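What follows is a short report on a single structure.
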Amino acid sequence: MTNYDAIIIGTGQAGPFLAGRLAGAGRKVAIIERKLFGGTCVNTGCTPTKAMVASAYAAHLTHRAAEYGVMVSGAISTDMKAVKARKDAIAGKSRIGIETWLKGMQNCTVYQSHARFESRKEIRVGSELLSSDLIFINVGGRAVVPSLPGVNAVPYLTNSSLMEVDFLPRRLVIVGGSYIGLEFGQMFRRFGSEVTILEMGPHLVRREDEDISQAIEAIMGQEGIDVRLNSKCIGLSPHSEGVRVTADCAEGSLEVIGSHVLLAVGRRPNTDDLGLEKAGVATDHRGYIGVDEQLRTNVPGIWALGDCNGRGAFTHTAYNDYEIVAANLLDGDSRRVSDRITAYNLYIDPPLGRAGLTETEARKSTRNPLIGQRPMTRVRRAVEKGETNGFIKILVDGDSKQILGAAILGMEGDEVIHCVLDLMYAKAHYTVMQRAMHIHPTVAELLPTILGELKPLTSMAPKATLAA
Ligand SMILES: Cc1cc2nc3c(=O)[nH]c(=O)nc-3n(C[C@H](O)[C@H](O)[C@H](O)COP(=O)(O)OP(=O)(O)OC[C@H]3O[C@@H](n4cnc5c(N)ncnc54)[C@H](O)[C@@H]3O)c2cc1C
């Protein structure tokens, strides 16, 4: 048995950075990876999808070239082998970078195998047994395969297997109309596939306000994506051209023949094959490891970071978990999970940038909520660029004068949202930004204007927004 000062399981978005800090502090560290260095984000999540979103944007803009006075002669087509090669090169560079960094790290030993608990202080890796008083779990998650009738009788894709596709699916049926399904749906439509999205609920991206869901549905519709809401009783069966997908939808029953089917109905944590029961580490009914404000599990000496603890589902939340653990263990700085503000993007085009509360949540959370809004058609920069889909809304607490949240569905929304986010972290009054001089022409220059036009939210009916 080999003893270490710390053992880290998984090389996702928290583990490698924690290894770097611990090893740099002179601790003897073991880090274990069973598959690809860098985990989901680098290999099958953020990086490859955003590289492909960029290819899809190029295709889309090329189709629109004449609107800008640029003439493209001949047929426009997408070379999926080239799209994949570009994506692989970008993701591969990150993966190799992490692997090389970890393997060259002083005080750090890398194991490439599946890790499993033998006891609360012991981890089995292949034929080796490692022990430590400090164990950090960073095992991430994987796509849920729902138990739909016929699912095991047909070939299906997940976000991972889709990364290997180097051809154009003729007709892609996507089960799930949330963040991952929408990104892939718009992307493949722009590459040239026919796309149908089946969403079980009454709206796309159900967690968002209804006006946002409706605006996104309109954007998908503009591009010729067939969105079917309230799709109940989805069933799959083999068909000579691929897969027959049936559903009862809001508009009646549906049968669509897909050349390929993508399942995008959520994620589950990789905690079912970790031997957690041998260590006594508690999980909830979905397998997420329970943690406190400092990411400590119920077992002293064991922490859980990233997607597997259910306290976040993003790269930035996993990385923030690392920062919290490192601050508490190494810096004597008591950072906590509850210090962070909800923030994420949906990378369709235009993107949705989100921070803090939704409008629905704001209505419930404060006695005096205010709202400021503006459609992108009234943002000069968007008009100049010919990208006027979407709208901005900012929510403010009229009593404390602090910003409660914002949604920016529009060009550059994924970047502009950080203006709002940083003001929220500063706990500053909204008047700070209202009086700031922003640069023209930008999307962000309208934020002070919007904050100068706040209205009581309670005087407006839900959904009475600019999307209508
Ligand atoms: C299609 C898609 C797009 C996404 N886009 C974004 C985005 O744009 N922005 C964003 O912030 N987030 C995005 N995400 C989410 C993001 O990828 C995850 O939140 C993030 O990767 C979580 O990091 P993690 O460190 O928790 O786990 P992971 O990155 O999943 O890493 C876990 C690692 O642990 C390893 N492992 C698991 N079990 C064991 C074991 N028993 N032994 C050894 N090793 C093990 C795995 O092989 C893996 O390498 C996306 C996800 C998907 C699926």
Side-chain angles (χ1 to χ4, degrees), residues 7-19 30-54 87 91 94-95 98-99 102 110-117 123-126 130 135-144 157-163 174 176 178-185 187 262-276 279 287-289 291 295 303-322 325 342-348 351-354 414:
I7 297 174
I8 299 168
I9 308 173
T11 65
Q13 297 305 307
F17 307 101
L18 189 59
I31 188 161
I32 310 160
E33 175 53 57
R34 71 178 176 189
K35 210 169 171 199
L36 300 173
F37 286 85
T40 307
C41 182
V42 166
N43 299 289
T44 56
C46 340
T47 306
T49 55
K50 271 49 181 197
M52 291 170 76
V53 163
K87 176 268 289 179
S94 292
R95 179 172 58 251
I98 291 172
E99 182 172 356
L102 285 172
V110 175
Y111 291 85
Q112 285 182 260
S113 190
H114 183 94
R116 203 181 294 272
F117 279 89
I123 301 289
R124 171 148 320 271
V125 191
L130 319 181
I135 298 178
F136 303 92
I137 307 170
N138 177 218
V139 292
R142 61 185 186 274
V144 165
L157 294 161
T158 65
N159 69 287
S160 298
S161 48
L162 199 53
M163 290 297 119
I174 300 178
S178 200
Y179 304 91
I180 290 176
L182 288 172
E183 280 184 28
F184 280 121
M187 177 200 301
L262 168 68
L263 300 178
V265 296
R267 312 270 303 161
R268 58 177 292 193
N270 290 326
T271 53
D272 47 340
D273 53 2
L274 205 48
L276 288 177
Y288 288 101
I289 299 172
V291 290
L295 287 325
W303 285 253
L305 300 85
D307 283 10
C308 69
N309 64 28
R311 301 292 291 265
F314 299 101
T315 283
H316 44 279
T317 47
Y319 186 81
N320 187 245
D321 283 1
Y322 139 70
V325 170
T342 301
Y344 55 88
N345 287 331
L346 164 62
Y347 288 93
I348 56 166
L352 168 68
R354 279 270 304 109
D414 50 341

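In each ligand, atom 1 is the first atom listed, and ligand 1 is the first ligand listed. For the numbers below, each heavy atom of this structure counts, side chains included, while hydrogens, waters and symmetry mates do not. Keep in mind that this is a model prediction, so the values were computed, not measured.
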Any nitrogen or oxygen of Gly306, side chain or backbone, less than 3.5 Å from one on ligand 1? no
Salt bridge flag under 4.0 Å for residues Arg142 and Asp272: yes
Might you point out which heavy atoms bring Met163 and Thr44 nearest each other, and give the distance in Å? CG-CA, 3.9 Å
Does a side-chain heavy-atom distance below 4.5 Å link Thr40 with Arg267? yes
Could you report the tightest heavy-atom contact between Cys308 and Thr271, atom names first, then the distance? CB-CG2, 4.2 Å
What are the two closest heavy atoms between Thr49 and Phe184, and how far apart are they? CG2-CZ, 3.6 Å
Under a 4.0 Å threshold between the charged nitrogen and the carboxylate oxygen, would Asp273 count as salt-bridged to Arg34? yes
Classify the contact between Leu274 and ligand 1 as side chain, backbone, both or neither, using a heavy-atom distance cut-off of under 4.0 Å. side chain
Asp273-ligand 1 polar pair, N/O distance under 3.5 Å: no
Is there a polar contact between ligand 1 and Lys50, counting only N or O atoms under 3.5 Å apart? yes
Report yes if some N/O of Arg267 lies less than 3.5 Å from some N/O of ligand 1; otherwise report no. no
Tell me which one of Thr315, Asn159, Ile180 gets a heavy atom nearest to atom 12 (N) of ligand 1. Thr315
Could you tell me whether Ile9 and ligand 1 have an N or O pair separated by under 3.5 Å? no
Describe, in one word, how the ring planes of Tyr322 and Phe17 are oriented to each other, choosing from parallel (under 30°), tilted (30 to 60°) and perpendicular (over 60°). tilted
Return the option from Glu33, Lys35, Met163 holding the heavy atom at the smallest distance from atom 49 (O) of ligand 1. Glu33
Between Ile9 and Ile135, which heavy-atom pair has the shortest distance, and what is it? CD1-CG2, 4.3 Å
Ignoring hydrogens and geometry beyond distance, is a side-chain donor-acceptor pair present between Arg95 and Asn43 at under 3.5 Å? yes
One finds that the ligand 1 atoms under 4.0 Å from a non-hydrogen atom of Thr44 are 1 (C)
Please list, in number order, the atoms of ligand 1 under 4.0 Å from a heavy atom of Ile32. 43 (C), 44 (N)
Is Ser113 close enough to touch ligand 1? Criterion: a residue heavy atom under 4.0 Å from a ligand atom. yes
Using distance alone, determine whether Glu183 and ligand 1 share an N or O pair under 3.5 Å. no
Take every heavy atom of Val42, measure it against each atom of ligand 1, and state whether any distance is under 4.0 Å. no
Relative to ligand 1, is Phe37 under 4.0 angstrom through side chain, backbone, both or neither, heavy atoms considered? neither
Does Thr49 reach ligand 1 with a nitrogen or oxygen that is under 3.5 Å from one of the ligand's nitrogen or oxygen atoms? no
Below 4.0 Å, non-hydrogen atoms only: which portion of Ala313 touches ligand 1? Side chain, backbone, both or neither. backbone
To check your reading of the model: name the closest protein heavy atom to atom 26 (O) of ligand 1, its residue, and the distance in Å. Asp307 N, 2.8 Å
Which of these, Val139, Leu305, Leu162, has its nearest heavy atom closest to atom 37 (C) of ligand 1? Val139
